[in-house]
Amino acid sequence: MHHMDTADDRPLRVRFAPSPTGSLHVGGARTALFNWLAARHADGTFILRLEDTDRERSTPESEAEILRVMQWMGLDWDEGPYRQSERDDLYRECIEKLKAAGAVYAAWETAEELDAMRAEARANKQAPVVRGRRDHTAEEIAAFEAEGRTPVWRFAVPLPGETVIEDMIRGTVTFDHAQIEDFVVARSDGTPTYNLAAAVDDMLMDITRVIRGEDHISNTPKQMLVIRALGGEPPQYAHVPLILGTDKKRLSKRHGAASVEELEADGFLPQPVRNALVLLGWSYDDKTTTFTMDELIEKFDVSRVSKSPAVFDMKKLEVMSGRYLRAMDEAEFADALVDWLASTGYFEGKAADAPDLARRTAPLVQRKLSRLSEYDRLAGWLYRPLEFEPEALAVLEEDVKKSIQCIGGGLGRIEVLDDFTVDNIKDALSDQLHIQGLTAREFLEPQRIAVTGQTISTGIYESLALLGRDESVARYRQALGRLAEKWTGGE
RNA sequence: GCCCCCAUCGUCUAGCGGUCCAGGACGCCGCCCUUUCACGGCGGUAGCGCGGGUUCGAAUCCCGCUGGGGGUACCA
């Protein structure tokens, strides 16, 4: 696309403006990332603004969570966080200016009247566009006031007319004013609405480019109208497509991990999350799929963002995550693993040396994990006495006699091993499987289950070495005992 | 209903009128490697929604259809 990068040499100022009404969604996180990258790329300013004009739904917990997640993602802001709830004076001032300029008018319609107007328009296949009555007589107004009614202030959308957005992603988008209702700018209690506050803030904060979700595109002409009525110049806009779930519906909690908070809890590290997110709707070329943060800063270009919505594929995130984990150096991985486990309370109620054990097992799981949360599935057996997963036991019991032979054979070798190292264990077991004339899979699977109680675990040789000979032998005996019961009982 | 937007393998995408009987990645399938689960390597599978134009030539431009998404509040 050869989109005009409007001859605008002012330093770039972008903002991310979530409303603190829940945790940060992956869609929101991607928008934040895009804004941050655009700012860092252009050496501009990234501003964080909390749009909390909806006092009912905004919570301090949500605000704190959003800030926390931003930090987790490594998206630091240069200004803010600003809170719209703290800027009320500014908005009221602007509303007064709009009144003085005749750009807004008092509208007295009741909710019922508005509903009726819209229903009627709809019935007539017309746009449900509200235009308040502006020809009330002084007596009527006095009567409204007498009954305690207070008006909202609506923006008088100029008719006829149109507002054109030169969107960096979508190109030229035109809205006919006939389709834009006289939107409310100040509620009857005097508080500003979103469209007023957002427009005023973008203007007052000197935002030069607004990068936000496509769900805002129909608000854009309204905000442009407000800014112009206030004598300002609207910023450049870039509306990014939404992120969908696998059913092609807008991504939401019912699609599984839809918030960054959940991804974090699922054991994903920030870098693969960023990498997966940035690739939803954006690509650098026809082959690059992994980027460092620096490469992203260097290469990101919002005008290359796709116009069509993208489906969020958790599987792909997992693949990226697994690759990232494997590419980490051992110590770095061990730190990340232990930190993550600690953050989830994994060590609570476990032995005091559990974190140390986790650190020692890190190299055994590093190539096997696609996310940190899979650690327990692989290494959980190390933290508890031997107990068999039902499906693991089922594997052994499929052929009890053979299982006993395998485990017994293995036991015979390891219990006489002096130097209990990975290599020696491997040699001894390899030799034994040869003797018994079995394939590695046939022979080793029972060993794994005997020792770990699991069908999937850390590597068998490493696991034995880690356990030490005595504990290994004890576990072998225990497994054998369990099978012997079955053997006699079954025949 | 009305307005806006979108449309390349199952998914994320490259593609900006010829270099495309459409390239990459994930998935999936097969083979190999590792005498284990995993990891890794190699190969394969699969797509320009449909119909009209424009053009010597269209995945690329135009129109229509169909399909999908968003908006339609004194929410943001």
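A, B, ... follow the sequence lines: proteins, then strands. Residue 1 opens every chain.
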Interatomic distance, [X] [atom1] vs [N] [atom2] [rounded to whole Å]:
X: A/Lys248; N: B/C6; atom1: NZ; atom2: C1'; result: 11 Å
X: A/Arg367; N: B/U36; atom1: CZ; atom2: P; result: 14 Å
X: A/Glu109; N: B/A73; atom1: CD; atom2: P; result: 15 Å
X: A/His216; N: B/C3; atom1: NE2; atom2: C1'; result: 18 Å
X: A/Gln447; N: B/U36; atom1: CD; atom2: C1'; result: 10 Å
X: A/Gln179; N: B/C2; atom1: CD; atom2: P; result: 10 Å
X: A/Asp115; N: B/U72; atom1: CG; atom2: C1'; result: 13 Å
X: A/Lys249; N: B/G69; atom1: NZ; atom2: C1'; result: 8 Å

Reckon [X] touches a base, only the sugar-phosphate, or nothing at all at heavy-atom distances under 4.0 Å?
X: A/Ser188; value: base
X: A/Gly322; value: nothing
X: A/Ile460; value: base
X: A/Phe183; value: nothing
X: A/Arg377; value: nothing
X: A/His239; value: nothing
X: A/Thr458; value: nothing
X: A/Arg55; value: nothing
X: A/Lys125; value: sugar-phosphate
X: A/Arg326; value: sugar-phosphate
X: A/Ser457; value: base
X: A/Arg304; value: sugar-phosphate
X: A/Val319; value: sugar-phosphate
X: A/Ser430; value: base

Problem set entry | N-O pairing of A/Asp201 and A/Arg15 below 4.0 Å |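 A salt bridge is absent here (no side-chain N lies under 4.0 Å from a carboxylate O).
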
Problem set entry | Identified pairing partner of B/A73, criterion: Watson-Crick or G-U wobble below 3.5 Å |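 No nucleotide pairs with B/A73.
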
For this session: Provide the Watson-Crick or G-U wobble partner of B/G30, both distances under 3.5 Å; none if there is no partner.
Result: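 Across any shown strand, B/G30 pairs with B/C42.
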
For this session: Walk me through it: do A/Arg212 and A/Thr220 pass the test side chain to side chain donor-acceptor pair (under 3.5 Å)?
Result: CA-CA 10 Å; A/Arg212 70 197 344 177; A/Thr220 303; 2.9 Å; yes

Exercise. When you measure from the side chain of A/Gln454 to the backbone N and O of A/Ile456, does any donor-acceptor pair fall under 3.5 Å?
Worked result: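 Yes: the side chain of A/Gln454 pairs with the backbone of A/Ile456.
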
Problem set entry | More than 12 heavy atoms of other groups within 6.0 Å of A/Arg55 CZ |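 At most 12 heavy atoms, drawn from other residues, nucleotides or ligands, come within 6.0 Å of this atom.
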
For this session: Tell me, yes or no, whether the heavy-atom count around A/Tyr383 atom OH, taken from other residues, nucleotides or ligands under 6.0 Å, exceeds 12.
Result: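 More than 12 heavy atoms, drawn from other residues, nucleotides or ligands, come within 6.0 Å of this atom.
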
Is the base of [N] touched by the side chain of [X] through a donor-acceptor pair closer than 3.5 angstrom?
X: A/Arg448; N: B/U36; value: yes
X: A/Arg57; N: B/C75; value: yes
X: A/Asn219; N: B/A76; value: yes

Report the nucleotide, chosen from [options], that has the shortest atom-to-atom distance to any side-chain atom of [X].
X: A/Arg250; options: B/C74, B/C26, B/G69; answer: B/G69
X: A/Thr53; options: B/A76, B/C39, B/A14; answer: B/A76
X: A/Thr289; options: B/C39, B/U36, B/A25; answer: B/A25
X: A/Arg170; options: B/U36, B/C5, B/C74; answer: B/C5
X: A/Arg118; options: B/A73, B/A25, B/G1; answer: B/A73
X: A/Lys315; options: B/C26, B/U11, B/C3; answer: B/C26
X: A/Ser218; options: B/G71, B/C26, B/C39; answer: B/G71
X: A/Lys287; options: B/G24, B/C75, B/C74; answer: B/G24
X: A/Glu214; options: B/C5, B/U11, B/A73; answer: B/C5
X: A/Ser308; options: B/C12, B/C2, B/A7; answer: B/A7

Exercise. Toward the 5' end of RNA chain B, which comes first, A/Asp189 or A/Leu279, by nearest nucleotide?
Worked result: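 Result: A/Leu279.
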
Problem set entry | First encountered from the 5' end of RNA chain B, between A/Tyr194 and A/Asp313 |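 The 5'-side residue here is A/Asp313.
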
Exercise. If you measure from the P atom in B/U45 to the same atom in B/G23, how many Å do you get, rounded?
Worked result: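 The answer is 11 Å between these two P atoms.
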
Problem set entry | P spacing across the pair B/G49 / B/A58, given as an integer number of angstrom |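 16 Å, rounded to whole Å.
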
Exercise. Mind checking what makes side chain to side chain donor-acceptor pair (under 3.5 Å) contact with A/Glu109, not counting sequence neighbours?
Worked result: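 Counting only residues at least two positions away or on another chain, A/Glu109 forms no side chain to side chain donor-acceptor pair (under 3.5 Å).
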
Exercise. In chain order, what residues pass the side chain to side chain donor-acceptor pair (under 3.5 Å) check against A/Asp52, with sequence neighbours excluded?
Worked result: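 A/Ser85.
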
Exercise. Taking the six-membered ring for Trp, are A/Trp108 and A/Phe144 parallel (under 30°), tilted (30 to 60°) or perpendicular (over 60°)?
Worked result: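 Ring orientation of A/Trp108 relative to A/Phe144: parallel.
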
Exercise. Under 4.0 Å between a side-chain N/O of A/Thr21 and OP1 or OP2 of B/A76, yes or no?
Worked result: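 Answer no for this pair, as no side-chain N or O of A/Thr21 is under 4.0 Å from OP1 or OP2.
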
Exercise. Under the side chain to side chain donor-acceptor pair (under 3.5 Å) criterion, do A/Gln84 and A/Arg87 qualify, and how do the steps go?
Worked result: CA-CA 5 Å; A/Gln84 292 189 325; A/Arg87 298 166 60 83; over 6 Å; no

